[in-house]
Amino acid sequence: MASPLALSLPAPLRQFFSHFPLYTHPPIDSQDKARPVTSPTLWIHAPWSPDADVLSSDVECLKWQAYLALRGLSDIAIRWDVSVDGALDNRLPNLHVPLKTLPGASKEVKEGDDGEGELLPAHLIPEWVDGQVGALNELEGYVDQAARDESRAWVALLEGNVHAALVLHQPSSTPFLSLLSPYHNKSRNIEAVVSHPPAPLFGISSLLPSYGTHVNVDAVEQQYKEAISSLSERLGTDKWFLGSESPTALDALAFAYLHCILHSKEHTLRFEVTRRVNLVAWERRVQSQVRGAFRAVEALQQKQS
């Protein structure tokens, strides 16, 4: 017997809903199962030659590849079949790690690891690395405090003048295609890295609204040339930058930019590096170490074979 408090739909509403019957179907078991995360996996932008390379063509991703390798980690899987739409904050790289490797993970977490792992954004990678190989001292691997302080200036130079030249000569996506995509890669544009922000293409008194930027190409290229010259002089014949006994974050950053420059299609960029023998030899030596720390995930290897 129905409860007197039960609500019933009015007849007109029942008649309307009868035109939209609800059908149920048995579940479909998919043959495609997510692979359990058993080792650290770095999500990156694709290499220049995906069939034969493991180093990303994107300087931001390559910075973190070099950082992981130069901190002493190895056998790190990489994948480039995940677009930025699937990355945290729509930005690559991301590091996918097993739960048992998380710093401070409890015994319950380690025992309850179901293979899904934890996805880390780039800014949390150093903390995870410290948990694997131990934290750096207060000098961050540099020989003294003066060298550590000097490293900040070199980082600013690389991410400023050198990065501006790379952005200036890299191909950009067409506006039409960018309008079709609801997501956008948050790469730094030229206005964010030049020393003095360029003026808009239209004057302030123009009837047209400000649009675009006017970049002084000659100034950007001159600053780039001076930066590469200074970088070569500072390295000299040392094994690592600033005379460090072991690689530092500055070495990872310098390698990423030098490697991307040597693979650039712009002759002006490549020439400034190739004419300096010590930079080329240093990049090749470090490249061998960085490359040896990574392997493509099995799924990508099977697709390529």
Donor-acceptor pair, side chain of Q132 and main chain of T101, under 3.5 angstrom: yes
Salt-bridge criterion met for R79 and D81 (N-O under 4.0 Å): yes
T41 side chain reached by I76 side chain, heavy atoms, under 4.5 Å: no
Side-chain ion pair, E150 and R234, N-O less than 4.0 Å: yes
Between CH2 on residue W64 and CG on residue L42, distance to nearest 0.5 Å: 10.0 Å
E159 with K63: basic N within carboxylate O range, under 4.0 Å: yes
Centroid-centroid under 6.0 Å between W80 and H45 rings: no
S57 (side chain) donor-acceptor with A46 (main chain) under 3.5 angstrom: yes
Side-chain ion pair, R152 and E140, N-O less than 4.0 Å: yes
CD1-CG distance between I228 and L279, expressed to the nearest 0.5 angstrom: 6.5 Å
Crowding at CZ, R284 (>12 non-hydrogen neighbours, <6.0 Å): no
Aromatic W240 / basic R285 pairing, under 6.0 angstrom, 45° off normal: yes
